[in-house]
J.: 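So that we are looking at the same thing, I have put the structure below in structure tokens.
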Amino acid sequence: MPELVRALITGITGQDGSYLAELLLEKGYEVHGLIRRSSSINTHRIDHLYQDPHVADRRMILHYGDMSDSSRLARLIDEVRPREVYNLAAQSHVKVSFEAPEYTSDVDALGTLRLLEAIYHCDPKIRIYQASTSELFGSAPPPQNEKTPFHPRSPYGVSKIFAYWIAVNYREAYGMFASNGILFNHESPRRGETFVTRKISRAVARIAAGRQDAVYLGNLDAKRDWGYAPDYVKAMWMMLQQSKPADLVFSTGEQHSVREFAELAFSLVGLDWQKYVRIDESYLRPSEVETLLGDSTKAREELGWRPTVNFPQLVQIMVEADLRDEGLDPRQTMTVPVSR
């Protein structure tokens, strides 16, 4: 009987964590997830995966803890003894990082250090995937790849640079299998409602249902390289199956503006986006990242990774899901379907 592979996912309740948990369970893993204790239930993205503690041979186990608690992380690594660790936990909202820079740095930067220390002192053979981000590049001219100099434009980006380099340092200093996945923007119906893509798709559905009059956005000219989250969590898993650790960029290689996203999303239900989109300057960042466009040639050549969902398909997937959440039938509500 093949050995059961055990993995630990920090940030398992987030968009990426939930999709990664699904993928690993499908592959036969025993999945352990780190979640923060909250007075309100915050596990809705993984409720369909939850298994009662009394179920025999369960393969989905949740643990309370926090990236700011080094002793808890050390105990957890020692208790679980995973073969693979996926560090997805972060305060990942860029605008919020300007308002809570110290907290963002504590969780995103020092949290990664705490986790690496826990792994190193327990079992340095454990493989770790560190979730990096295109925000590392900031104002660096596109296209951006593994050789592009970093120039972050937010406390989030700066914190993630520390996490990136501390992972590299532990790899070089102690021979640990620590890989950085520099993922460009990736979205889905599970994206948080305060992120611009989900904010738009949810507003489209609510406006179509007559429950909302307008949506307030910030910089419509910001350009991003948007992909589909399930494609990107597959990349995370692929990185830890290689013979050597690496730092790789994952992206679609296509760029679109927030304006384009809004225009397409509203057009799917036959609405003119300009009648419903309002600008609120409070959503503008103190220092903006104007343009991100990834070059994932290395990942495609070395891993064989490819995105499977293009930009119009991504927008359609998100709008359809939010229409269903509002009790609307996408087949009856959408007037300009996009072919899949």
J.: Enter the distance from Met176:CE to Ile126:CD1 here, rounded to the nearest 0.5 Å.
T.: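 Going from CE on Met176 over to CD1 on Ile126, the span is 7.5 Å.
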J.: I would like to know whether His121 and Asp78 meet side-chain hydrogen bond (donor to acceptor under 3.5 Å, both in side chains); could you show each step before the answer?
T.: CA-CA 9 Å; His121 288 288; Asp78 186 55; over 6 Å; no
J.: Hey, what do you get for CD (Gln242) to OG (Ser179), rounding to the nearest 0.5 Å?
T.: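 Nearest 0.5 Å value for the CD-OG distance: 8.5 Å.
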J.: Applying ring-ring contact (aromatic ring centres under 6.0 Å, His included), run through Phe195 and His93 and close with a yes or a no.
T.: CA-CA 7 Å; Phe195 287 79; His93 198 287; 5.0 Å; yes
J.: Does the side chain of Ile317 come within less than 4.5 Å of Pro189's, by heavy atoms?
T.: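 Sidechains of Ile317 and Pro189: in contact.
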J.: What residue among Thr133, Ile161, Leu136 forms side chain to side chain contact (heavy atoms under 4.5 Å, CB included) with Tyr156?
T.: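 The single option meeting the side chain to side chain contact (heavy atoms under 4.5 Å, CB included) with Tyr156 is Thr133.
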J.: Would you mind reporting whether Leu323 and Val269 have side-chain heavy atoms less than 4.5 Å apart?
T.: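 Yes, their side chains come closer than 4.5 Å.
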J.: Looking at every non-hydrogen atom in both residues, tell me the closest pair between Asp295 and Pro143 and how far apart they are.
T.: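 It is CB-CB, 4.3 Å.
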J.: Between CD of Glu117 and CD1 of Ile77, what distance do you get to the nearest 0.5 Å?
T.: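 Here the interatomic distance stands at 12.0 Å.
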J.: Just wondering, do Phe150 and Trp165 contact through their side chains at under 4.5 Å, heavy atoms?
T.: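 Yes; the side chains approach each other to less than 4.5 Å.
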J.: Please check if the number of heavy atoms outside Asp272 that lie under 6.0 Å from its CG is greater than 12.
T.: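 Correct, the count exceeds 12.
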J.: Please indicate whether Arg278 has more than 12 foreign heavy atoms, meaning atoms of other residues, nucleotides or ligands, lying under 6.0 Å from its CZ.
T.: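 For Arg278, atom CZ is crowded (more than 12 foreign heavy atoms under 6.0 Å).
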J.: Might you point out which heavy atoms bring His151 and Ala140 nearest each other, and give the distance in Å?
T.: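 Heavy-atom minimum between the residues: CB-N, 4.3 Å.
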J.: For a 4.5 angstrom cut-off between non-hydrogen side-chain atoms, does Pro230 reach Tyr19?
T.: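 Yes; the side chains approach each other to less than 4.5 Å.
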J.: Do Asp225 and His256 meet the criterion of a side-chain donor-acceptor pair at a distance under 3.5 Å?
T.: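 No.
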J.: Without hydrogens or angle criteria, can the side chains of Glu84 and Tyr29 be said to hold a donor-acceptor pair below 3.5 Å?
T.: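 Glu84 vs Tyr29: donor-acceptor pair found between side chains.
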J.: Determine whether a donor-acceptor pair (N or O, by modelled atom type, separation under 3.5 Å) exists between the side chain of Arg171 and the backbone of Phe177.
T.: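 No.
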J.: Taking Met238's backbone N and O only, do any of them form a donor-acceptor pair with Gln241's side chain (distance below 3.5 Å, no angle check)?
T.: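 Absent.
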J.: Do the side-chain N and O atoms of Ser139 and Glu290 include a donor-acceptor pair separated by under 3.5 angstrom?
T.: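 Glu290 and Ser139 do not have a side-chain donor-acceptor pair below 3.5 Å.
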J.: Listed by chain and number, what are the salt bridge (Lys or Arg N to Asp or Glu O under 4.0 Å) partners of Asp322, not counting sequence neighbours?
T.: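 Asp322 satisfies salt bridge (Lys or Arg N to Asp or Glu O under 4.0 Å) with Arg198 once adjacent residues are dropped.
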J.: May I ask you to say whether Asp221 pairs ionically with Arg259, meaning some side-chain N is under 4.0 Å from a carboxylate O?
T.: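 Looking at Asp221 and Arg259, the cut-off is met.
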J.: For a quick check under 3.5 Å, do Ser159 and Ser105 share a side-chain donor-acceptor pair by atom type?
T.: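 Result is yes, a qualifying pair exists.
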J.: Below 4.5 Å, heavy atoms only, C-beta onward: do Leu115 and Val85 meet side chain to side chain?
T.: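 Of all side-chain heavy-atom pairs linking Val85 with Leu115, at least one is under 4.5 Å.
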J.: Verify, without hydrogens or angle tests, whether Ser296 (side chain) and Ala299 (backbone) share a donor-acceptor contact under 3.5 angstrom.
T.: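 Between the backbone of Ala299 and the side chain of Ser296 there is no qualifying donor-acceptor contact (under 3.5 Å).
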J.: Are Arg190 and Ser18 linked by a side-chain donor-acceptor pair shorter than 3.5 Å?
T.: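 Note: Arg190 and Ser18 side chains meet the donor-acceptor criterion.
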J.: So does Arg206 get a backbone contact from the side chain of Arg211, meaning a donor-acceptor N/O pair under 3.5 Å?
T.: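 Side chain of Arg211 to backbone of Arg206: no pair is present.
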J.: How would you list, by chain and number, every residue that makes a side chain to side chain contact (heavy atoms under 4.5 Å, CB included) with Tyr283, sequence neighbours excluded?
T.: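 Residues passing side chain to side chain contact (heavy atoms under 4.5 Å, CB included) with Tyr283: Lys199, Tyr216, Asp280.
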J.: Does a side-chain N-to-carboxylate-O contact under 4.0 Å join Glu99 and Lys95?
T.: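 Answer for the salt bridge query: yes.
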J.: Could you tell me the separation between the OG atom of Ser97 and the NZ atom of Lys160, rounded to the nearest 0.5 Å?
T.: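 The NZ atom of Lys160 is 11.5 Å from OG of Ser97, to the nearest 0.5 Å.
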J.: Hey, what's the ring geometry for Trp226 with Phe311, parallel, tilted or perpendicular (30° and 60° as the breaks)?
T.: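 Taking Phe311 first and then Trp226, their aromatic rings lie parallel (interplane angle under 30°).
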J.: For Ser188 versus Ala229, what's the shortest heavy-atom pair and its separation?
T.: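 For Ser188 and Ala229, the tightest heavy-atom pair comes out as CB-CB, 4.0 Å.
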J.: Would Ile9 and Leu183 show up in the same hydrophobic cluster when neighbours are defined by side-chain heavy atoms closer than 4.5 Å?
T.: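 Yes, same cluster.
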J.: Backbone N or O of Glu260 within a donor-acceptor pair of the Ser257 side chain at under 3.5 Å?
T.: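 Answer holds: yes.
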J.: Has the side chain of Thr197 got a donor or acceptor atom that lies under 3.5 Å from a matching backbone atom of Glu187?
T.: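 Such a contact is absent between Thr197 side chain and Glu187 backbone.
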J.: Return the set of residues passing side chain to side chain donor-acceptor pair (under 3.5 Å) with Asp66 (not counting sequence neighbours), or none when no residue passes.
T.: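 Side chain to side chain donor-acceptor pair (under 3.5 Å) check on Asp66 returns Ser68.
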J.: CD of Glu326 to CZ of Arg202: how many Å apart, nearest 0.5 Å?
T.: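 Output value for this atom pair is 6.5 Å.
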J.: Tell me, do Val196 and Leu217 make a side-chain contact under 4.5 Å, heavy atoms counted?
T.: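 Val196 reaches Leu217 side chain to side chain.
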J.: Quick one: does any side-chain atom of Arg127 pair with a main-chain N or O of Leu240 as donor and acceptor, under 3.5 Å?
T.: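 Side chain of Arg127 to backbone of Leu240, a donor-acceptor pair under 3.5 Å: yes, one is there.
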J.: Between Glu30 and His32, is any side-chain donor less than 3.5 angstrom from a side-chain acceptor?
T.: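 There is such a pair between these side chains.
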J.: Please answer whether the main-chain N or O of Tyr64 pairs with a side-chain N or O of Arg72 as donor and acceptor at a distance below 3.5 Å.
T.: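 Confirmed, Arg72 side chain pairs with Tyr64 backbone.
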J.: Would you call the rings of Tyr232 and Trp305 parallel, tilted or perpendicular, taking 30° and 60° as the class edges?
T.: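 Tyr232 and Trp305: perpendicular rings.
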J.: Step through the shown structure and confirm whether more than 12 heavy atoms of other residues, nucleotides or ligands are within 6.0 Å of CZ on Arg59.
T.: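 Atom CZ in Arg59 is crowded, with more than 12 foreign heavy atoms closer than 6.0 Å.
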J.: I'd like to know if Glu135 and Arg285 make a salt bridge, using a cut-off of under 4.0 Å between side-chain N and carboxylate O.
T.: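 Answer for the salt bridge query: yes.
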J.: Minimum heavy-atom separation for Tyr164 to Asn180, with atom names?
T.: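 Tyr164 and Asn180 have their closest heavy atoms at O-ND2, 3.2 Å.
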J.: Would you find a donor on one side and an acceptor on the other, under 3.5 Å apart, between the side chain of Ser251 and the backbone of Gly294?
T.: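 Looks like yes, one N/O pair under 3.5 Å.
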J.: Do Trp237 and Leu24 make a side-chain contact, defined as non-hydrogen atoms from C-beta onward lying under 4.5 Å apart?
T.: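 The answer is yes; the side chains approach within 4.5 Å.
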J.: Under a single-linkage definition using a 4.5 Å side-chain heavy-atom cutoff for Ile, Leu, Val, Met, Phe, Trp and Tyr, are Leu268 and Val258 assigned to the same hydrophobic cluster?
T.: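 Same cluster.
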J.: Applying the 4.5 Å side-chain criterion to the ILVMFWY set and letting contacts propagate, would Leu293 and Phe184 be lumped into a single cluster?
T.: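 Hydrophobic grouping puts Leu293 apart from Phe184.
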J.: Look at atom CD of Glu102 and say whether more than 12 heavy atoms of other residues, nucleotides or ligands are closer to it than 6.0 Å.
T.: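 Not buried by this count: 12 neighbours or fewer within 6.0 Å.
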J.: Could you grab the distance from atom OG1 of Thr308 to atom NZ of Lys234, nearest 0.5 Å is fine?
T.: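 Between Thr308 OG1 and Lys234 NZ, I get 8.0 Å after rounding to 0.5 Å.
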J.: Between Gln332 and Leu328, is there a donor-acceptor pair closer than 3.5 Å when you use the side chain of the first and the backbone of the second?
T.: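 Side chain of Gln332 to backbone of Leu328, a donor-acceptor pair under 3.5 Å: no, none is there.
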J.: Do Leu110 and Leu76 land in one hydrophobic cluster if side-chain heavy atoms of ILVMFWY residues count as linked below 4.5 Å?
T.: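 Yes, because Leu110 and Leu76 connect within a single hydrophobic cluster, where side-chain heavy atoms sit under 4.5 Å apart.
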J.: Does any part of the side chain of Phe250, heavy atoms only, come nearer than 4.5 Å to the side chain of Ile182, both counted from C-beta?
T.: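 Of all side-chain heavy-atom pairs linking Phe250 with Ile182, none is under 4.5 Å.
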J.: Above 12 or not: heavy atoms from other molecules or residues under 6.0 Å from CG of Asp57?
T.: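 No, because the 6.0 Å sphere around CG of Asp57 holds 12 heavy atoms or fewer from other groups.
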J.: Do we see a donor-acceptor contact under 3.5 Å between the side chains of Glu79 and His63?
T.: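 No.
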J.: If we ignore angles and hydrogens, is there a donor and acceptor under 3.5 Å between the side chains of Thr10 and Asn87?
T.: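 Yes, a side-chain donor-acceptor pair sits under 3.5 Å.
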J.: Could you walk me through whether Thr291 and Gln255 pass the side-chain hydrogen bond (donor to acceptor under 3.5 Å, both in side chains) check?
T.: CA-CA 8 Å; Thr291 176; Gln255 187 183 66; 2.5 Å; yes
J.: Ignoring hydrogens and angles, state whether a donor on the side chain of Asp106 or Thr104 is under 3.5 Å from an acceptor on the partner side chain.
T.: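 No, no side-chain donor-acceptor contact under 3.5 Å.
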